[in-house]
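Ligands are counted one by one from 1 in listed order, and the atoms in each one are counted from 1 as well.
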Amino acid sequence: MRRPLMAGNWKMFKTPAETAAFFEKFLPLVGASAHADILICPPFVNLAAAVQAASGSAVGIGGQNLHWAKDGAYTGEISGGMLKAAGCRSVIIGHSERRQYFGETDETVLRRTVAALDAGLQPVVCVGERLEERKSGRTNDVLAVQFRDGIAKLTPAQFAQVVIAYEPVWAIGTGEVATPAQAADAHRFLRSQVRGVYGDDAAASVRILYGGSVKPDNIRGLMAQPDIDGALVGGASLDAASFASIVNF
Ligand code: 13P
């Protein structure tokens, strides 16, 4: 049985003071939510405030990206060891916004994923097709390549630590959520890719999250799909009541 993971990606929103205010409202709303793992990924400068505010709760904190080097002359970058030392449990890798605006490739996704694992962080690796790729019937081809080049080169022991997030690019921030059936198709396809490389047990165990315009009013339909193991939520994770209602679907 896969335990759901409900994750919030705050992207480039909130200050440390706003982070503390969020947790003050959010923690009482999810204090009894033992059915799922809960993760919040704020901007780097808010990690200390988030870790402090969430301490003593079951809510985990994660980064939104990391560099693959342990340390070095890489101005502006953050390492896995730094995230771990700051109290992070997890890190998002290969988000489509990183791919689209910051030159992320499947190759750099893989390097970051290995670095996260080496630092003892749980990687949440994002894949997903763009609108034109879906329209031209290439969704599965795109997912297959992202999986093959960005994830499938991990050892089985490494892969066992990974969470996959399926985020169709056309559904991110657009209000146009994938239908539960569309999401389920993609999740089933990704699970079949996992099965092909890592076998039945790994396919049965890996958690695959859906992301893209998840809201309190569409989470239940998504979570009713057996292959959807949680959500990676952007905009709706910024408000404590809204994200709590998603967590408590
Ligand atoms: P929205 O929930 O705002 O569409 O963002 C989804 C996302 O990109 C989460 O990583």
Worksheet item: Of all the heavy atoms in S213, does at least one lie under 4.0 Å from an atom in ligand 1?
Response: yes
Practice prompt. Flag yes if more than 12 heavy atoms outside F44 fall under 6.0 Å of its CZ atom; otherwise flag no.
Written response: yes
Worksheet, complete the sentence: Looking only at protein heavy atoms, what sits closest to atom 3 (O) of ligand 1 is G235 N, 2.8 Å
Worksheet item: Which of the numbered atoms in ligand 1 are below 4.0 angstrom from a heavy atom of H95?
Response: 7 (C), 8 (O), 9 (C), 10 (O)
Worksheet item: To which protein heavy atom is atom 6 (C) of ligand 1 closest, and what is the distance rounded to 0.1 Å?
Response: G234 N, 3.7 Å
Worksheet item: E104 and T108: side chain to side chain donor-acceptor pair (under 3.5 Å), yes or no, with the steps?
Response: CA-CA 6 Å; E104 188 84 74; T108 56; 2.4 Å; yes
Discussion item. Does E129 form a side chain to side chain contact (heavy atoms under 4.5 Å, CB included) with Y166? I'd like the steps, not just the answer.
Written reply: CA-CA 9 Å; E129 81 287 2; Y166 168 63; 2.9 Å; yes
Practice prompt. Please say whether G173 places an N or O atom under 3.5 Å from an N or O atom belonging to ligand 1.
Written response: yes
Discussion item. Given E97, E167, K11, identify the one with the heavy atom nearest to atom 10 (O) of ligand 1.
Written reply: E167
Worksheet item: What's the shortest heavy-atom distance between Y198 and K153, and which atoms?
Response: OH-N, 4.1 Å
Worksheet entry | Audit row: I93, L66, side chain to side chain contact (heavy atoms under 4.5 Å, CB included) steps and yes/no | CA-CA 8 Å; I93 296 172; L66 80 166; 3.8 Å; yes
Discussion item. Would V233 count as being in polar contact with ligand 1, using the rule that some N or O on each side must be under 3.5 angstrom apart?
Written reply: no
Worksheet item: Is a salt bridge present between D37 and R207, judged by a nitrogen-to-oxygen distance below 4.0 Å?
Response: yes
Worksheet item: Should we say atom CD of Q52 is surrounded by more than 12 heavy atoms from elsewhere, each under 6.0 Å from it?
Response: no
Worksheet item: Relative to ligand 1, is A171 under 4.0 angstrom through side chain, backbone, both or neither, heavy atoms considered?
Response: backbone
Worksheet item: Honestly curious: do L110 and V91 fall in one hydrophobic cluster under the side-chain, below-4.5 Å linking rule?
Response: yes
Fill in: Heavy atom of S237, distance to ligand 1 below 4.0 Å
no
Discussion item. Out of all atoms in ligand 1, which are within 4.0 Å of some heavy atom of G212? Include the element for each.
Written reply: 4 (O), 6 (C)
Worksheet item: Which bit of N9 is near ligand 1, meaning a heavy atom under 4.0 Å away: side chain, backbone, both or neither?
Response: side chain
